[in-house]
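Notes follow once the structure below has been shown.
Whatever order the structure lists them in is the order used to number ligands and atoms, beginning at 1. Please read all numbers here as calculations on a predicted model, not as lab measurements.
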Amino acid sequence: MIIYGTTSLYGIIGKPVEHTISPLIHNTISERMGIDSVYVPFRTDGNLSDTTRGLYSLGVRGINVTVPYKTSIMEHLSAVEPLAAAIGAVNTLKYTDEGYRGYNTDILGLGRELDSEGISVKDREVIILGAGGAARAAAFMCLERKPGSMVIANRTLEKAELIRKDLERYACSEGYEGEAVNIKAVTTDSLTGPGSSGLIVFQCTNVGLSPNDGDCVINDRDFYGRVAEGIDLIYKPAQTMFMKYVEEAGGRAYNGLKMLIYQAVCSYEIWNDVRVPDDVVDEIEIKLSER
Ligand code: NAP
């Protein structure tokens, strides 16, 4: 990669950022598309006011935001997209004349993964396992796609309740165009036992994340007989215990690698006003799965 006087600068802020694979994704896209830009990590120690003012005054065109700043960054932006505001998390900043504008491409990335796999949420019974940041993104993405019903299941019921309330508030807001959706918050334990089949389940907890490959948030094998599609947001290991259980019971299972790639692709497209070709996405997926 050659840096010119004209090269545009992009990057990611977070703490830690040393593990990030975003530079690899973004710089590969720029190289393949012949776009004169470079993407670098910035370890950021918490003063977000100074950070955003510094990056803006240097003309950094776009920033990704990772843990632990996805919510606290919002007060430093000139505007936030309505869906990102409803979720309360932003992971993409775009340079505008007024300041940085915030977006949430975790939601867009997961939606794009579903599209690429031909999975539809519309009128389906959806279960979200977990109630952290990833679960929140999955739940709002599903609500936008008008499911038949949604259950948020978490070890800590209060956190699931919080997401349910935010979803219902969003569903009553002007920005939402769908019909009322039946949303329930429950504890994960209560999901076992008989129930309807054809479920689409999003595994959004940390359980099963490497090196704890043998763990799974639900171990009752009968539950998996009800699952048609299981999407684990974890991508390391490539096949989690949750995915194994879904497949052994006859369902289709997916990991979170495509979501990760697509959230970067969606940021790239917002910043550069381009469409990243599918063959570039496929090349990145192969590169990352070989790591
Ligand atoms: P988070 O905000 O810390 O939430 C963690 C969730 O996991 C909570 O619901 C927590 O339940 C639950 N949990 C943790 N340990 C548990 C245990 N032993 N038993 C039952 N539940 C447990 O984390 P996050 O940001 O949402 O991330 C969650 C996962 O999604 C991570 O593995 C991350 O790698 C993955 N992720 C993937 C992508 C992608 O692009 N593919 C993007 C974001 C996140 P409590 O509320 O009860 O503590």
Side-chain angles (χ1 to χ4, degrees), residues 12 14-17 19-22 24-26 64-73 84 87-92 103-114 116-117 119 127-142 151-164 166 185-192 201-220 223 230-243 253-268 281 284-285 288-289 291:
I12 180 165
K15 186 178 156 192
V17 281
H19 64 287
T20 182
I21 53 176
S22 294
L24 188 149
I25 301 176
H26 284 271
N64 282 133
V65 183
T66 187
V67 178
Y69 304 129
K70 287 187 184 185
T71 299
S72 48
I73 193 73
I87 297 165
V90 153
N91 76 328
T92 299
Y103 300 80
N104 188 310
T105 66
D106 285 331
I107 296 186
L108 302 177
L110 185 54
R112 193 105 154 236
E113 170 173 359
L114 295 195
S116 80
E117 303 292 1
I119 301 170
I127 296 186
I128 310 279
L129 300 175
R136 186 170 272 275
F140 273 85
M141 183 278 299
C142 289
V151 173
I152 321 283
N154 195 42
R155 176 177 63 179
T156 313
L157 181 60
E158 294 75 20
K159 283 168 71 180
E161 270 294 345
L162 218 57
I163 296 184
R164 185 188 64 77
D166 288 347
V186 302
T187 56
T188 317
D189 295 347
S190 69
L191 284 180
T192 54
V201 182
F202 293 85
Q203 199 304 107
C204 308
T205 75
N206 301 325
V207 184
L209 186 62
S210 184
N212 301 312
D213 302 21
D215 294 352
C216 188
V217 70
I218 296 181
N219 290 292
D220 169 22
F223 170 76
I231 298 107
D232 200 325
L233 271 66
I234 291 173
Y235 52 89
K236 235 180 192 169
Q239 193 191 27
T240 60
M241 219 48 213
F242 170 81
M243 290 168 65
Y254 308 84
N255 68 25
L257 184 61
K258 275 205 166 160
M259 173 187 175
L260 178 78
I261 297 169
Y262 277 127
Q263 63 75 27
V265 165
C266 290
S267 297
Y268 198 97
V281 175
I284 292 167
E285 190 180 359
L288 292 179
S289 1
R291 273 162 61 97

Any N or O on [X] sitting closer than 3.5 Å to an N or O of ligand 1?
X	result
Leu209	no
Asn154	yes
Gly256	yes

Measuring from atom [atom1] of [X] to atom [atom2] of [Y], what distance do you get when rounded to the nearest 0.5 angstrom?
X	Y	atom1	atom2	result
Asn104	Ile87	CG	CD1	4.5 Å
Arg155	Thr187	CZ	OG1	12.0 Å
Asn154	Leu129	CG	CG	9.0 Å

Salt-bridge contact Lys70-Asp106 (side-chain N to carboxylate O under 4.0 Å): yes
Heavy-atom nearest neighbour in the protein, as seen from [atom], with distance rounded to 0.1 Å:
atom	result
atom 37 (C) of ligand 1	Leu233 O, 3.2 Å
atom 47 (O) of ligand 1	Thr156 OG1, 2.5 Å
atom 12 (C) of ligand 1	Thr205 CB, 3.7 Å
atom 2 (O) of ligand 1	Gly133 N, 3.1 Å
atom 25 (O) of ligand 1	Ala134 N, 4.0 Å
atom 1 (P) of ligand 1	Gly132 CA, 4.0 Å
atom 3 (O) of ligand 1	Asn206 ND2, 3.9 Å
atom 48 (O) of ligand 1	Arg155 NH2, 2.9 Å

Asp106 near ligand 1, heavy-atom distance under 4.0 Å?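 Per 4.0 Å heavy-atom rule, Asp106 does not contact ligand 1.
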Ligand 1 contact by Met259, heavy-atom criterion under 4.0 angstrom: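 The answer is yes: ligand 1 sits under 4.0 Å from a heavy atom of Met259.
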For residues Leu257 and Glu285, determine if any side-chain heavy atom of one lies less than 4.5 Å from a side-chain heavy atom of the other.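 Yes; the side chains approach each other to less than 4.5 Å.
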Take atom CZ of Phe223 as the centre, draw a 6.0 Å sphere, and report whether it contains more than 12 heavy atoms from other residues, nucleotides or ligands. yes
Evaluate the 4.0 Å heavy atom contact test for atom 33 (C) of ligand 1: does a protein atom fall under the cut-off?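 It does not: no protein heavy atom is found less than 4.0 Å away from atom 33 (C) of ligand 1.
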With heavy-atom distances below 4.0 Å as the criterion, list the atoms of ligand 1 near [X].
X	result
Lys159	45 (P), 46 (O), 48 (O)
Gly130	9 (O)
Ala131	9 (O)

What do the steps show when you test Asn64 against Ser22 for side chain to side chain donor-acceptor pair (under 3.5 Å), and what is the final call? CA-CA 9 Å; Asn64 282 133; Ser22 294; 4.9 Å; no
With sequence neighbours left out, the residues meeting ring pair (Phe, Tyr, Trp, His ring centres under 6.0 Å) with Phe202 are none
Just checking, any donor-acceptor pair under 3.5 angstrom between side chains of Asp232 and Thr240? yes
By salt bridge (Lys or Arg N to Asp or Glu O under 4.0 Å), which residues pair with Lys15, not counting sequence neighbours?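 By the salt bridge (Lys or Arg N to Asp or Glu O under 4.0 Å) rule, Lys15 matches Asp45.
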Could you see which bit of Cys204 sits under 4.0 Å from ligand 1, with heavy atoms only: side chain, backbone, both or neither?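 Cys204 to ligand 1: backbone contact only, side chain stays beyond 4.0 Å.
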Taking it one step at a time, do Asp166 and Arg136 satisfy salt bridge (charged side-chain N to carboxylate O under 4.0 Å, His left out)? CA-CA 9 Å; Asp166 288 347; Arg136 186 170 272 275; 2.8 Å; yes
